[in-house]
Amino acid sequence: MTDILDLAAANLISPIILSFALGLAAALARSDLTIPEAVAKGMSIYLLFAIGFKGGVSIASHGVDATLLSALLAGLVLSFGLPFLAFALLRLMTGLDRTEAAAVAAHYGSISIVTFVAATSVLESSGIAAEGYMVAVAAAMEAPAILSALWLVARGGGKGGMAPGLLREILLNGSIVLLVGAFIIGGLTGEAGFKEIAPFIDSPFKGVLCLFLLDMGLIAGRGLRQAKGVVSIPMVGFGVLMPVISSVIGLGLGLLIGLSLGGIVLLMVLSASASYIAVPAAMRVALPQANPAVYLTLSLGVTFPFNLTLGIPIYMALAATAVGGA
Amino acid sequence: MTDILDLAAANLISPIILSFALGLAAALARSDLTIPEAVAKGMSIYLLFAIGFKGGVSIASHGVDATLLSALLAGLVLSFGLPFLAFALLRLMTGLDRTEAAAVAAHYGSISIVTFVAATSVLESSGIAAEGYMVAVAAAMEAPAILSALWLVARGGGKGGMAPGLLREILLNGSIVLLVGAFIIGGLTGEAGFKEIAPFIDSPFKGVLCLFLLDMGLIAGRGLRQAKGVVSIPMVGFGVLMPVISSVIGLGLGLLIGLSLGGIVLLMVLSASASYIAVPAAMRVALPQANPAVYLTLSLGVTFPFNLTLGIPIYMALAATAVGGA
Amino acid sequence: MTDILDLAAANLISPIILSFALGLAAALARSDLTIPEAVAKGMSIYLLFAIGFKGGVSIASHGVDATLLSALLAGLVLSFGLPFLAFALLRLMTGLDRTEAAAVAAHYGSISIVTFVAATSVLESSGIAAEGYMVAVAAAMEAPAILSALWLVARGGGKGGMAPGLLREILLNGSIVLLVGAFIIGGLTGEAGFKEIAPFIDSPFKGVLCLFLLDMGLIAGRGLRQAKGVVSIPMVGFGVLMPVISSVIGLGLGLLIGLSLGGIVLLMVLSASASYIAVPAAMRVALPQANPAVYLTLSLGVTFPFNLTLGIPIYMALAATAVGGA
Amino acid sequence: MEMHDAKRVSIVIEAPLESRLTNALDEAGVTGYTIMPVTGGSGRSGKWTRDGQLGRSGMVNVICLIRPERLDGLLEAAFAVVEPHIGVVSVTDAQVLRAERF
Amino acid sequence: MEMHDAKRVSIVIEAPLESRLTNALDEAGVTGYTIMPVTGGSGRSGKWTRDGQLGRSGMVNVICLIRPERLDGLLEAAFAVVEPHIGVVSVTDAQVLRAERF
Amino acid sequence: MEMHDAKRVSIVIEAPLESRLTNALDEAGVTGYTIMPVTGGSGRSGKWTRDGQLGRSGMVNVICLIRPERLDGLLEAAFAVVEPHIGVVSVTDAQVLRAERF
Ligand SMILES: Nc1ncnc2c1ncn2[C@@H]1O[C@H](COP(=O)(O)O)[C@@H](O)[C@H]1O
Ligand SMILES: Nc1ncnc2c1ncn2[C@@H]1O[C@H](COP(=O)(O)O)[C@@H](O)[C@H]1O
Ligand SMILES: Nc1ncnc2c1ncn2[C@@H]1O[C@H](COP(=O)(O)O)[C@@H](O)[C@H]1O
Ligand code: NA
Ligand code: NA
Ligand code: NA
């Protein structure tokens, strides 16, 4: 227990978390600090490229073990399945109608790549290795949740749904293409390729992550300021409860398919995290009646900071206990 | 004397100064070389974050000595006080009316963080240490000068003044929040945090500064081309005289409160430098009658290049003599 | 022969080429992956500054050998002359009218700095040194081709031509000013200046190049998708034949003036590459009747990828044979 | 200078729908339009600003100049896309040079 | 398609005053507007361009579609902010779809 | 509020020609204009988008508010620049505050 607290405390005073806190505080205090859209997008392209590339390199050097396919499958199952759980919980706990609940549920089945990256950093600092292909699992989990949510709405007779071209759009989404593409490039060029560009994609990585989290803090803070009256206490409760439950399901699947400790933690983090880029854009097309303030506030304003601060240490502790006791 | 000249010469052929000169020359020759606004803002966010963070780390590792508070106080006194001197000089030397003179004076009480950064680089190259908290002094000096200028206008019965919300806006200005926030993050995470992100905020720092100064050269050059007829010879004289006088006052205060040689040089540079980001924006709100071409040309087109090229070596020589002879 | 193939294969699986391929594939698959304009411009400023600076530093440390002037002259001759060859080939092989053919020809007399940079990388990896001043030759070759093209149109009695101010605009073009300016800065500050900013302009260089080529792949792919019906098979043939012929002419001149093996390869690459930044902008002003889809598709969609993948290894093999056999 | 009557239609719509709108315009035979960026705004669904945004969020402003007789076709095509979404459609009388291009 | 008369007000104003203007509009009951970027311009106070700019400088274009009867209220609110500053206010007749939203 | 009749001229033109257009306007005595960015569009010469673009490509939108009697001079100056190029010129009736500034 003291371990978790120590880890949580160490985690909390990392430059990454503090940068997020700075952005949040600045936005809540209505400072005019902003990061230009182009710079924010540039940083997110950098992060996706770097994380994908490093995942591919790790495959190239450590080889693919037998669990790769089962891990991908586990990811798909989680992304397809978790929205049903989220939907049920939301209908139970909050007053959201079917469409709103389904839209929120889509976000929780999908993933937050920044949370994944932050967890990778913490694992590295703790000297815990993880399967390089977890990046591919992350990519696989981005989209399926959207389909589950649309099915939930359609089943309830709701309007909206699979607009023509939406499926192609979701699957060829910029983030997925970049992540998977960089993963393949990393796999093909391996250590040699990595050495060439490591001073760009590796050494400054954490620093860029700080500025990126500063921006996410600013966005989350601005969102929270405008969400007054939109998001209720039970919704906030959902935003904390859902990731914890999801992480435990991820833990179970991770143990089942025999991932390493690090891999299990990452699968838990993927399960627990909620999307705030790909899914919101898809929801504006497919379920325009759903209020973006609700799902963005929950995903970015509640679940993201929870995972970043308390979630990751908790998942690590849970995984360590489970693996130790297995 | 040869020492100053040597230092000035060495300073003049540094990549940083030459990049500024390149930008200036390109703009004066009407080249279409431009740096996109978003990239310029991104670089300024990077520089503020890096400089603030490093200041905080230096506090964390060397501890706060007793002069911290007196240095902050000295900064406030300078920022509040120098506008009165600038105002008097401007009314004496130039034909500017009260409002115009007050607007210019506000700029000279405030500071230029890039000049500060350039001076830090020169100190580092010369192996002279400085108090890490001088960054905090820089932040403290950003805003007070604005209040003095508004008071000068109000006393003269002028229009304009403290628009509602302006004080909050000035104090929660993006640059100040980022500088102070990064300073606190650096202080909390200390050397450990610094090591994590040094390949981002430290190693490439000088290179980014070059590109940033290229942009400042471009802006200054464009400004100078358009300022024909607006800025008179006596005003240019003010733009060179004022920083020298201010630096001597900074020198006196620095000696008084017992700063190290490096700290004294930085206090002199802060005194001598003039704002071109925070104060112009505040002046557009508070003193819209004042012509921005006047204060931007003086601050960015005259005083900034003067400090960068001749000013810093002169202040270092003055400080060395004063400390040596003290 | 196997050497060329080996080199070509090694070249093809470098992160740089694969990043281009990723961008191309993403655009052809109509992914919404895009790089913001400001970020793309920021990267191109970075690359020009870095490559110019490094060229200047290399002059400062290795001195200027006697061939500098003849290399510059060779560059001018190539840039003025190649458009005539291109024009003749285009009129022979394709149905383009005088104006269209002249506009395309201007691109092939000018150069692609990214192809140059990619070739520099390959040379470095192969341990082949090249004259630092080839950067200056690159700058010298940017503009003259435009004049030749305009002369070709004027001679045919065509409309368009030297709009007032165009010559100044071409010569003070942002890319040329930045490349030459950084070259001079590098020359003035030499190794000492280089050491200061190497962690910015040198270590991350290849990584930035990857992202930049990702963007070029995206632009080329979008262009190809829209060029259906505009670009005929013979035009594509020209886009492959022209660089090979040009490279051989560059080889001849390089041998004549006594460049090193690396220098010869770079002169071949400059001859073979086609502009897609400076010349298109000039053509929109000077020859607005010419369809940009034609010249951009040929330059960026055909010749650029050809040079990047097969061209560079071929030119290296040709140069090695010629120098070895000389 | 000879001018020709036209309608200037401005459609402010969410960025993720941009390609749907332009496809609908293409299908309705409207092949001329200009897309302009929007950095922020306010409406029934609250305030927003583009700063620091991630992904394809925000809004864009699509502007079409069109012959008056073609206005109804355009509005119907546009309305089908905009209707369930956040967005605003406005029309202004205008005149254009070079009507042969419309 | 049924259209409703409206006024389209365009206010070009210095960026540091953007929030003051939108606050004034809010207070005047105008809750719908779109903010568009401006990259350069020229006027009595000279030419300027946004490239490479630092800080919150430059100008923005705030566009409001409004019922004709509310125009005067809006103009008074806007004018109070714009008057001492650099900036331009223009009004065009327009028509809007979905008038219930205005 | 007292308003004055004006014309609002919008010129969408290729970015490399921006300075030529504004010089032509200056020479024609038009010293007030606002330049707005364009992120994409479609016309007779096809579709384009600004994303990822290199160099000075793309288009810009130059907007002039002008007294009605000066419209012809402006259009002639603008047309001389736009004519051989890709671009669109449209004019709308407008009203402005502070006519002394035009
Ligand atoms: N009356 C209006 N005038 C100008 N723009 C508006 C107006 N109403 C809404 N908008 C724009 O349309 C967006 C969505 O509006 P709404 O659907 O009302 O939330 C806003 O963010 C504004 O950018
Ligand atoms: N006649 C005009 N038409 C369009 N925009 C204008 C006009 N006059 C001024 N502006 C815009 O308003 C800004 C400030 O104008 P001014 O206050 O006249 O310096 C200019 O930089 C332009 O962006
Ligand atoms: N009817 C139109 N309405 C609005 N913008 C247009 C129209 N036609 C052309 N444009 C704009 O002008 C550019 C060039 O048009 P064009 O010369 O027809 O290729 C297009 O890319 C659009 O940005
Ligand atoms: Na999840
Ligand atoms: Na000062
Ligand atoms: Na060439």
Side-chain angles (χ1 to χ4, degrees), chain B residues 9-47 50 118 120-122 124-126 197-215 217-218 221-222, chain C residues 35-50 52-54 56-57 60 165-205 207-208 277-278 281-282 285:
Chain B
N11 189 29
L12 284 177
I13 62 153
S14 82
I16 294 172
I17 307 289
L18 291 173
S19 297
F20 180 81
L22 172 58
L24 201 66
L28 290 177
R30 282 186 296 142
S31 163
D32 69 352
L33 177 61
T34 51
I35 294 192
E37 186 194 14
V39 173
K41 286 195 177 153
M43 291 193 293
S44 97
I45 288 167
Y46 167 84
L47 294 174
T120 315
S121 285
V122 178
E124 266 173 30
S125 316
S126 316
I197 63 172
F200 178 64
I201 64 165
D202 197 36
S203 335
F205 188 83
K206 270 197 193 162
V208 177
L209 194 57
C210 284
L211 284 192
F212 192 76
L213 279 169
L214 176 69
D215 187 42
L218 288 166
R222 278 199 296 264
Chain C
I35 294 193
E37 186 196 16
V39 174
K41 288 195 176 153
M43 290 194 293
S44 98
I45 289 167
Y46 168 85
L47 294 174
L48 288 168
F49 184 80
F53 195 97
K54 284 188 264 183
V57 169
L166 184 58
L167 186 63
R168 219 209 65 248
E169 232 170 71
I170 293 171
L171 292 176
L172 289 178
N173 178 281
S175 326
I176 298 184
V177 168
L178 189 51
L179 199 59
V180 173
F183 183 79
I184 296 173
I185 297 180
L188 289 175
T189 61
E191 277 297 331
F194 181 66
K195 242 172 238 152
E196 284 188 69
I197 63 172
F200 178 63
I201 65 165
D202 197 36
S203 337
F205 188 83
V208 177
I277 299 189
V285 173

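Only this structure's heavy atoms are used, side chains among them; waters, hydrogens and symmetry mates stay out. Chain letters run A, B, ... following the sequence lines, proteins first and then strands; every chain starts at 1.
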Between Ile35(B) and Ala40(B), what is the shortest heavy-atom contact and its length? CG2-N, 4.1 Å
Lys/Arg-Asp/Glu bridge criterion (N-O < 4.0 Å) met for Lys41(C), Glu37(C): yes
Side chain to side chain donor-acceptor pair (under 3.5 Å) partners of Ser175(C), counting only residues at least two apart: Asn173(C)
How about residues 197-206 of chain B versus chain C: which residues have heavy atoms under 4.5 Å apart? Ser203(B), Pro204(B), Lys206(B)
Under a 4.5 Å heavy-atom cutoff, which of Gly193(C), Gly174(C), Gly190(C), Gly186(C) has the most pairs with chain B? Gly174(C)
So for Leu211(B), is it side chain, backbone, both, or neither that comes closer than 4.5 Å to the heavy atoms of chain C? side chain
Minimal non-hydrogen separation, Ile45(C) against Pro36(B), with atom names: CD1-CD, 4.0 Å
Looking at Ala26(B) and Leu33(B), what are the two nearest heavy atoms and their distance? CB-CD2, 4.3 Å
Part of Leu214(B) lying under 4.5 Å from any heavy atom of chain C: side chain
Counting only heavy atoms closer than 4.5 Å, note whether Ala192(C) contacts chain B via side chain, backbone, both or neither. neither
Check each atom of Ser19(B) against the heavy atoms of chain C and say whether the ones under 4.5 Å are side chain, backbone, both or neither. both
Taking all non-hydrogen atoms of both residues, which atom of Arg222(B) and which atom of Thr34(B) are closest, and how far apart? NH1-CG2, 3.5 Å
Counting only non-hydrogen atoms closer than 4.5 Å, does Phe194(C) touch chain B with its backbone (N, CA, C, O), its side chain (CB onward), both, or neither? neither
Shortest non-hydrogen contact from Leu179(C) toward Leu48(C): CD1-O, 3.6 Å
In this structure, CG of Leu18(B) is separated from CG of Leu213(B) (nearest 0.5 Å) by 11.0 Å
Going from CG on Leu178(C) to OG on Ser31(B), what distance comes out if it is rounded to the nearest 0.5 angstrom? 9.0 Å
